[in-house]
Each structure stands twice: as structure tokens, then as C-alpha cells.
Amino acid sequence: GFAVIATTITVNRISEELDAKLSNYLRISTVGLAAPLWNFDHKIVEGYLDSLMLDKTIVFVNVLSADGTVLNRAVPAVKDVTFEELQASGDYSALQSLVMREGKKIGSIELVVSREVIQKEIKSNIIAIVALTLFFLITITGVSVVISRRYVARPLARLQQSAAAIGGGNLQTEIDIRGDDEVGVLAREFDGMRNSIGQLVNELEDANKQLENANHTLEDRVEERTREVVVTQQKLVDAIESTSEGFAFFNAEDFLVLH
């Protein structure tokens with residue numbers, strides 16, 4: 001789109017400049033040729049035509065004087081081509097004008113310029129635009145790669161390393177949460193998840209410690225009661241064995257009575 005617009009603008013500008021130059025040449029020629037044609041001085045007219053042909057864009061000049069003499073100049077490519085044919089061709093710009101003197105027609109001039117310069121300009125513009133487009137594409141691609149590596153690939157690689165460390169059990173791993181892009185948002189979300197997991201792990205550790213303490217307390221109480229039972233049992237056995245006579249029984253309060 002840009003290339004087409006730029007080329008169209010350039011072509012229109014050059015075409016307008018070429019048409020303006022053709023009009024100027026024609027206007028100057030009608031003034032400059034008036035006296036020689038009035039005086040039938042064909043040598044001056046021929047010299048004037050030769051000077052016009054020094055401009056490489058002019059390919060055809062034809063002057064008709066009042067006495068019927070035709071003087072013309074043309075490049076080899078259009079030597080056998082008529083003015084009407086050149087005027088109908090899209091490769092040329094052609095104009096004609098009367099030469100007047102004291103209100104009388106004393107001749108006419110036909111002038112044709114080539115539009116090849118426009119075609120060359122179009123080719124030059126296309127080449128320049130293509131080169132400029134390639135340059136911008138290469139530049140944009142290079143900048144995109146640099147930006148991608150710096151602001152996307154590297155942060156993602158660091159985030160992946162942090163995730164691997166956390167997955168290995170290291171919940172103290174630092175996560176780079178800088179950046180306002182999608183990677184930064186993802187890193188902050190991941191850091192929040194890490195903190196939540198860390199809190200859950202701490203709560204589980206506290207619960208395990210409390211359970212272990214409760215188990216130790218229960219074990220201590222069981223051991224203490226067991227020791228008390230063993231001591232009581234041993235006292236009872238010793239008391240029974242130390243009785244040589246009499247008997248023993250339990251009273252209503254469940255105490256042992258020896259006789």
C-alpha cells in the first residue's frame with residue numbers, strides 16, 4: 001500500500017513537471033520563432049530546433065512556416081512516426097501551437113517529449129521502496145528478536161529455573177516479579193502460589209510438631225501409669241509372700257486385710 005501510494009505520487013509529480021516543461025518550451029518557441037518565420041529565415045529556425053534537441057527528453061520538433069516549408073528534427077526512434085501517432089501514444093507527451101505575428105498566423109510548431117523519464121523514475125522508486133522495505137523488515141525483525149530475548153525469553157528462562165527449584169522442594173527460591181508485561185504478571189502469580197504453598201507447609205509442620213508433642217505426652221503418661229501398676233503389683237506380691245500365717249482378704253473398700 002505504501003509503495004503504491006509513494007510511486008503514484010512520484011509519477012504524478014514527474015508527469016506534471018514534464019507537462020509543464022513541454023508547455024514552457026512551446027510558449028517560448030512561439031515567441032522565439034515568430035521573427036524568423038516572419039522573415040522566412042529558415043537557418044535561424046533550424047538552429048533553434050537544434051538547440052531544442054539538446055534536451056534529451058525532446059524527441060520530435062516540427063515547424064511549418066507560412067510558405068509551406070516544413071522544418072523538423074527527430075531522434076532515430078521516431079524519425080518515421082507522425083505527430084498524430086506520437087500524440088496518441090502513452091509513451092510521449094505532445095503539444096502543438098500556432099505562431100502568430102501582428103495577429104496573423106505565420107506558422108505552427110509541434111513539440112513531443114518522451115515519458116521514458118517517468119518509467120525510469122518508477123523503476124528507481126520501486127527499487128528504492130523495495131530496498132527500504134527490506135531494510136525496515138530486517139530492522140524490525142532484528143529489534144523483535146532482541147526484545148524477545150531480553151523481555152520474553154530470558155525472564156521465562158529465569159521463571160522456569162525458579163519453578164524447577166521450587167518443584168525440587170526449595171520454597172525459598174527467589175522469583176523475579178519485575179515487569180508489567182504478561183511474563184511479569186505470570187511471575188507474580190507464581191510467586192503468590194509459592195507463598196501459599198510455603199504457608200501450607202509451615203502449617204503442616206506446626207501440626208506435625210503438635211501431634212508429636214501430644215504423642216510424647218501420652219507415652220509419658222502411659223509409662224508412668226504402667227510403672228505405678230507394676231509397683232503396686234510388686235508390693236502386693238511382696239505382702240502376700242511375707243505372710244506366713246493367717247489369711248488375706250479384700251474388705252468392702254477393696255483394701256487387702258491380712259490376718
Side-chain angles (χ1 to χ4, degrees), residues 1-140:
F2 170 76
V4 174
I5 294 174
T7 303
T8 301
I9 293 175
T10 302
V11 169
N12 291 336
R13 176 181 58 80
I14 295 175
S15 180
E16 291 174 357
E17 291 176 354
L18 193 63
D19 292 340
K21 182 169 72 171
L22 178 60
S23 297
N24 289 334
Y25 272 137
L26 195 65
R27 185 169 55 255
I28 293 171
S29 297
T30 57
V31 175
L33 291 174
L37 289 177
W38 178 265
N39 297 319
F40 301 105
D41 193 344
H42 296 158
K43 287 186 178 180
I44 293 180
V45 174
E46 289 179 349
Y48 184 81
L49 298 184
D50 290 335
S51 65
L52 284 178
M53 294 302 294
L54 293 176
D55 188 333
K56 299 302 181 182
T57 61
I58 298 177
V59 297
F60 180 93
V61 181
N62 191 46
V63 175
L64 177 62
S65 66
D67 61 357
T69 304
V70 177
L71 303 172
N72 61 55
R73 295 289 186 274
V75 297
V78 298
K79 192 172 184 62
D80 299 325
V81 183
T82 65
F83 174 77
E84 288 73 16
E85 290 174 332
L86 293 173
Q87 194 175 30
S89 174
D91 295 330
Y92 303 95
S93 291
L95 287 177
Q96 59 183 342
S97 178
L98 297 175
V99 180
M100 307 293 292
R101 178 68 181 257
E102 298 180 357
K104 297 179 181 179
K105 173 186 174 183
I106 60 174
S108 63
I109 180 172
E110 298 170 342
L111 190 61
V112 180
V113 296
S114 173
R115 299 178 69 86
E116 183 181 1
V117 62
I118 296 179
Q119 298 174 354
K120 290 182 178 179
E121 189 68 23
I122 291 174
K123 292 179 181 178
S124 299
N125 273 271
I126 291 175
I127 293 174
I129 290 170
V130 169
L132 188 62
T133 302
L134 289 175
F135 171 76
F136 278 123
L137 286 176
I138 293 173
T139 302
I140 292 172

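Side-chain contact between Arg73 and Asp50 is present, with at least one heavy-atom pair separated by less than 4.5 Å. Using a 4.5 Å cut-off on side-chain heavy atoms (C-beta onward), Arg115 and Leu18 make contact.
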Checklist line | side-chain contact (heavy atoms from CB on, under 4.5 Å) between His42 and Leu71, intermediate numbers included | finding: CA-CA 8 Å; His42 296 158; Leu71 303 172; 4.0 Å; yes

Please report, to 0.1 Å, the donor-acceptor pairs under 3.5 Å made by any side chain of residues 77-90, with sequence neighbours excluded.
unit_1: Thr82; atom_1: OG1; unit_2: Glu85; atom_2: N; d: 3.3
unit_1: Thr82; atom_1: OG1; unit_2: Glu85; atom_2: OE1; d: 3.4
unit_1: Glu85; atom_1: OE1; unit_2: Thr82; atom_2: N; d: 3.1
unit_1: Ser89; atom_1: OG; unit_2: Asp91; atom_2: N; d: 3.2

Distance-only check: which donor-acceptor pairs under 3.5 Å involve side-chain atoms of residues 55-65, not counting sequence neighbours?
unit_1: Asp55; atom_1: OD1; unit_2: Thr57; atom_2: N; d: 3.0
unit_1: Asp55; atom_1: OD1; unit_2: Thr57; atom_2: OG1; d: 2.8
unit_1: Asp55; atom_1: OD2; unit_2: Tyr25; atom_2: OH; d: 2.7
unit_1: Thr57; atom_1: OG1; unit_2: Lys21; atom_2: NZ; d: 3.0
unit_1: Asn62; atom_1: ND2; unit_2: Glu110; atom_2: OE1; d: 3.1
unit_1: Ser65; atom_1: OG; unit_2: Asp67; atom_2: OD1; d: 2.2
unit_1: Ser65; atom_1: OG; unit_2: Thr69; atom_2: N; d: 3.3
unit_1: Ser65; atom_1: OG; unit_2: Thr69; atom_2: O; d: 3.3

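Between atom OH of residue Tyr92 and atom CG of residue Leu22 there is a gap of 14.0 Å, rounded to the nearest 0.5 Å. Taking CZ of Arg101 as the start and OG1 of Thr30 as the end, the distance is 13.0 Å to the nearest 0.5 Å. In this structure, Asp19 CG and Leu95 CG are separated by 7.5 Å, a value rounded to the nearest 0.5 Å. A distance of 13.0 Å separates CE in Met53 from OH in Tyr48, rounded to the nearest 0.5 Å. Atoms CD1 and CG, from Ile28 and Leu111 in turn, are 10.5 Å apart once rounded to the nearest 0.5 Å.
Other residues, nucleotides and ligands place no more than 12 heavy atoms under 6.0 Å from the CZ atom of Phe136. Within 6.0 Å of the CD atom in Gln96, the count of heavy atoms belonging to other residues, nucleotides or ligands exceeds 12.
Between Leu52 and Ser29, the closest heavy-atom pair is CD1-OG, 3.8 Å. When all heavy atoms of Pro36 and Ile44 are compared, the pair lying nearest together is CG-CG2, 3.6 Å.
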